S.K.: 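Got a structure here, written out as structure tokens. Questions coming.
Not measured: the values here are computed from a predicted model. Keep in mind that the numbers below use all heavy atoms, side chains included, and drop hydrogens, waters and symmetry copies.
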Amino acid sequence: MATRVLGPTGSKRRHRFLLAPIFLAALVAVGALIAGGSALAAPSTDASVSEYSQCANNKPPSTSTACPSNWINGILNAQNSHYGEDQNTAQRLFLDLPRNGPATNRTITLKYLARKGQGGVGNHAYDSLGQWNYTQTTADRCQGVTPASNCPGGLESKFTIPVDNTVVADSNGAGSSTAGHELPDANRYMSMFGGVIDNVTTPHHDNPSGSGDDYATVTVRYHVTSTPAKVELLFGGHLAASAGPRGWGGPANVGAAFINGGPYHIKLTQVDTSSVGNRDNQIMSGAILPIGTVTQTALHETNSTGGDLVPPNNQDPLTQTGITVTLPLDGSGTYVTDYATVAPPGSTGTVAFRYYSSQSVCTADTTFTGGTSAGSGKTLDANSVAKSNTVAITTAGVTYWRAHFTGTGLSTDSDSGCSDEILTANQATSTLTTLHQTDSSGVDITPTANNGSSITVPVGAYVTDYASVTPSSISSGTVTFRYYENTADCIADTDGTGGASGGSGSVTSGAANGSAVQFNTAGTFYWRAFYSGATNINASSSSCSDEVLTVQKGSPTIASDPRLIPQDHASIAGIIAGGTTQATITFTLWGPDNATCDASDALHPALYSEEQDVNGTGTQTFTTANSGDPLSTPAGFRLTSASTTGTYHWSIDYSGDEANTANNRDCVESFDFEGITDATAG
């Protein structure tokens with residue numbers, strides 16, 4: 001109710017004076033209505049900002065993935081935060097949408113510093129936006145919001161930020177497309193609670209190809225179910241990387257950690273149609289760590305002075321996890337040199353190299369003092385490459401190599417790890433063979449061994465193959481022996497399964513042998529030995545021309561020895577009974593040199609004498625039993641090609657007894673011997 005004010009006399013004149021302003025106000029109100037306006041100013045329907053903050057993840061050495069220093073409206077600096085290049089700073093925005101305001105076509109406009117101008121063209125700062133909890137994975141979006149009802153719940157609305165193909169120049173030159181440096185689709189999106197994101201515009205840059213600052217702007221369009229409403233928008237600011245898969249390259253470091261001073265900005269410039277003043281989340285350069293150097297290693301097989309072999313045997317660090325070298329037979333070994341490349345280019349510091357007997361031993365070496373040193377304090381050359389000492393490798397096996405970079409200045413330490421460089425050293429071998437003629441037990445024949453790379457044996461003989469594996473220190477693996485009927489089959493057998501089996505044997509001190517094989521058929525056989533190899537010991541085999549076995553049929557010879565065995569026959573008639581003494585008949589053969597059968601001629605004794613008992617009466621007949629074998633008992637006699645030719649005589653003497661008179665026929669029987677032709681043996 002209006003208060004009336006009267007004059008001191010209470011006159012009506014004073015009262016009329018008070019009606020004039022009221023009437024004038026009424027006229028203004030009428031005029032406003034005629035013009036289509038409102039007599040009073042209408043309340044705004046644009047959203048209002050209740051909070052725009054960012055996640056402070058605490059200073060080093062904190063490793064928290066939440067926001068231990070809370071969400072702050074202030075600047076991220078070295079005292080409250082530490083983010084690395086290629087990470088996202090977490091950003092959140094809370095909006096209050098008034099009652100009766102529109103539910104659709106709501107907008108939020110953000111502007112971020114993509115390039116900071118300094119020195120030359122400048123370095124990249126926030127090169128793109130992305131997932132809010134990409135780096136601070138356990139951050140609580142509602143942390144510090146009171147009352148809790150001010151943090152909207154419900155489903156999360158996500159919208160992928162379009163790829164930014166804008167080429168942004170930097171101090172290295174014309175630059176490259178931002179698309180090659182931003183996060184992939186899976187990590188490049190906006191999140192909203194309390195509303196639904198309908199669209200995010202492609203980032204628009206205001207000075208990408210010039211020098212100085214370059215800002216990029218995006219607009220988020222969203223809707224809500226009804227008003228009033230509370231909305232939370234979440235996103236991350238991607239700190240440009242100097243190196244790595246999303247690095248902007250060299251030679252100058254142009255990532256976010258190499259901007260002097262600061263700050264960098266992510267500004268909230270407008271909500272709906274209203275400007276929101278200076279809403280600016282900032283980060284100081286001191287809170288940004290270099291991306292962390294990357295130490296990439298590659299093993300090279302070299303000569304003793306570290307020079308690459310021709311052709312080279314060098315690890316490709318992008319496609320390989322190590323190399324394999326082969327140790328020569330003579331035990332001289334080979335040499336290996338490790339190369340470490342530290343990114344980004346221009347990093348400063350030194351590299352130390354070590355190698356280990358196993359991956360677990362390598363992994364357990366957290367102080368980089370275990371294993372065996374391959375050199376330390378190695379400086380980087382102009383290409384950011386350091387080389388280890390050249391190491392002689394003489395023993396077969398697997399070693400795990402590792403390089404550790406100790407950075408200086410802005411360069412951080414880095415380690416190549418234990419799985420990117422594996423050196424496999426295999427021992428070369430050779431297999432030589434020797435055939436042995438043996439008995440069925442595999443024992444060499446005696447008295448003269450028939451051993452050699454190629455031998456000849458008779459049908460029915462046993463043969464055992466022996467292998468010599470070089471180096472002679474090898475005491476593992478198996479040798480398989482095979483033999484073939486022709487060289488084609490032998491050559492075609494690449495795995496020791498063809499032909500016929502000659503047995504197998506385990507290798508001890510470089511030697512092994514097969515089984516004794518009997519050959520009952522004549523022919524030519526080609527032998528071969530296959531050494532299986534063992535852990536880090538290469539397999540090898542003998543050649544098909546190294547061992548040839550010839551099995552021959554027997555070649556019997558004929559030596560003729562024609563002979564005549566003289567025999568005599570006699571009969572005694574008229575024998576009567578009555579004698580008590582044993583009567584005998586004696587046959588004696590005399591040679592041509594004793595024609596008179598003179599028993600007293602000591603120089604020409606009888607050639608043969610045979611005595612038989614005479615029993616019975618009447619007529620008895622007797623025949624000599626000369627065996628012809630001079631070694632028999634009694635000794636026999638025979639005529640051979642070596643006997644004297646001429647006339648031989650028989651004498652026959654009957655001894656008689658008490659009832660019968662003795663009788664003889666001395667030198668009355670004879671035969672003429674003219675000799676025998678003896679053929680040569682063959």
S.K.: Does the side chain of Lys116 come within less than 4.5 Å of Asn123's, by heavy atoms?
M.R.: no
S.K.: Looking only at side-chain N and O atoms, does Thr227 offer a donor or acceptor that is under 3.5 Å from a partner on Arg99?
M.R.: no
S.K.: Going by atom types only, do Thr350 and Thr406 share a side-chain donor-acceptor pair under 3.5 Å?
M.R.: no
S.K.: Check each of Asp127, Thr89, Asn187 against His238 using the side chain to side chain donor-acceptor pair (under 3.5 Å) test, and report the only one that passes.
M.R.: Asp127
S.K.: Flag yes if more than 12 heavy atoms outside Leu318 fall under 6.0 Å of its CG atom; otherwise flag no.
M.R.: yes
S.K.: Under 4.0 Å between a Lys/Arg side-chain N and an Asp/Glu carboxylate O for Arg106 and Asp272?
M.R.: yes
S.K.: Are side-chain N/O atoms of Asp46 and Thr273 paired as donor and acceptor at under 3.5 Å?
M.R.: yes
S.K.: I'd like to know if the side chain of Arg92 and the backbone of Gln54 have a donor-acceptor N/O pair within less than 3.5 Å.
M.R.: no
S.K.: Any side-chain heavy atom of Asp164 sitting closer than 4.5 Å to one from Ser128?
M.R.: no
S.K.: Calculate, to the nearest 0.5 Å, the distance between atoms OG1 and CD belonging to Thr337 and Glu301 respectively.
M.R.: 10.0 Å
S.K.: Could you measure the distance from the CD1 atom of Ile75 to the CE atom of Met284? Nearest 0.5 Å is fine.
M.R.: 6.0 Å
S.K.: In Å, rounded to the nearest 0.5 Å, how long is the span from CG of Asp338 to NZ of Lys378?
M.R.: 11.5 Å
S.K.: Side chains of Val325 and Thr424: does their closest heavy-atom pair fall under 4.5 Å?
M.R.: no
S.K.: What are the two closest heavy atoms between Ser157 and Ile197, and how far apart are they?
M.R.: OG-N, 3.0 Å
S.K.: Roughly how far, to the nearest 0.5 Å, is OG of Ser171 from CZ of Phe258?
M.R.: 12.5 Å
S.K.: Could you walk me through whether His404 and Ser414 pass side-chain hydrogen bond (donor to acceptor under 3.5 Å, both in side chains), step by step?
M.R.: CA-CA 6 Å; His404 184 83; Ser414 59; over 6 Å; no
S.K.: Under the 3.5 angstrom rule, does the side chain of Thr178 hit a backbone N or O of Thr166 as a donor-acceptor pair?
M.R.: yes
S.K.: Taking the six-membered ring for Trp, are Tyr126 and Tyr264 parallel (under 30°), tilted (30 to 60°) or perpendicular (over 60°)?
M.R.: perpendicular
S.K.: If every non-hydrogen atom of Lys59 is compared with every non-hydrogen atom of Ala78, which pair is closest and at what distance?
M.R.: CB-O, 3.3 Å
S.K.: Under a 4.0 Å threshold between the charged nitrogen and the carboxylate oxygen, would Asp415 count as salt-bridged to Arg402?
M.R.: yes
S.K.: Distance from Ile72 atom CD1 to Glu51 atom CD, nearest 0.5 Å?
M.R.: 11.0 Å
S.K.: Yes or no on side chain to side chain contact (heavy atoms under 4.5 Å, CB included) for Val163 and Asn165, after CA distance, side-chain angles and deciding distance?
M.R.: CA-CA 6 Å; Val163 171; Asn165 291 309; 3.6 Å; yes
S.K.: Considering non-hydrogen atoms only, spot the tightest contact between His124 and Asp170 and give its length.
M.R.: NE2-OD2, 2.7 Å
S.K.: Could you check whether any side-chain heavy atom of Trp401 comes within less than 4.5 Å of a side-chain heavy atom of Thr297, counting everything from C-beta outward?
M.R.: no
S.K.: Between Tyr112 and His265, is the ring centroid distance below 6.0 Å?
M.R.: no
S.K.: Between Asn58 and Asn80, is there a side-chain heavy-atom distance shorter than 4.5 Å?
M.R.: no
S.K.: With side chains defined as the heavy atoms from C-beta onward, is the minimum distance between Tyr52 and Gln91 less than 4.5 Å?
M.R.: yes
S.K.: Would you check if Trp248 and Asn172 make a side-chain contact, meaning some heavy-atom pair closer than 4.5 Å?
M.R.: no
S.K.: For Ser62 and Asn57, work out which heavy atoms get closest and say how close.
M.R.: OG-O, 3.5 Å
S.K.: Give a yes-or-no answer on whether the side chains of Asn207 and Tyr215 include a donor-acceptor pair shorter than 3.5 Å.
M.R.: no
S.K.: Answer yes when Asp96 and Lys230 have at least one side-chain N-carboxylate O distance shorter than 4.0 Å, and no when they do not.
M.R.: yes
S.K.: I'd like to know if the side chain of Thr269 pairs up with that of Thr109 as donor and acceptor (distance under 3.5 Å, no hydrogens or angles considered).
M.R.: no
S.K.: Nearest 0.5 angstrom please: Thr324 OG1 to Leu423 CG, how far?
M.R.: 8.0 Å
S.K.: Can you find a heavy atom in the side chain of Thr341 that is under 4.5 Å from one in the side chain of Asn383?
M.R.: no
S.K.: Is any side-chain N of the basic residue among Glu182 and Arg246 closer than 4.0 Å to the acidic one's carboxylate O?
M.R.: no
S.K.: Check whether any side-chain N or O of Gln131 sits under 3.5 Å from a backbone N or O of Arg188 as a donor-acceptor pair, and report yes or no.
M.R.: no
S.K.: If only atom types and distance count, is the side chain of Asp365 paired as donor or acceptor with the main-chain N or O of Phe368 below 3.5 Å?
M.R.: yes
S.K.: Looking at every heavy atom in both Gly117 and Asp213, which two are closest together, and how far apart are they?
M.R.: N-OD1, 2.8 Å
S.K.: Does the plane of the ring in Trp71 sit parallel, tilted or perpendicular to the ring in Trp132? Use 30° and 60° as the thresholds.
M.R.: tilted
S.K.: Taking Gln320's backbone N and O only, do any of them form a donor-acceptor pair with Asp316's side chain (distance below 3.5 Å, no angle check)?
M.R.: no
S.K.: What are the two closest heavy atoms between Val49 and Leu93, and how far apart are they?
M.R.: CG1-CD1, 3.8 Å
S.K.: Does any donor atom in the side chain of Gln270 or Ser275 lie under 3.5 Å from an acceptor atom in the other side chain?
M.R.: no
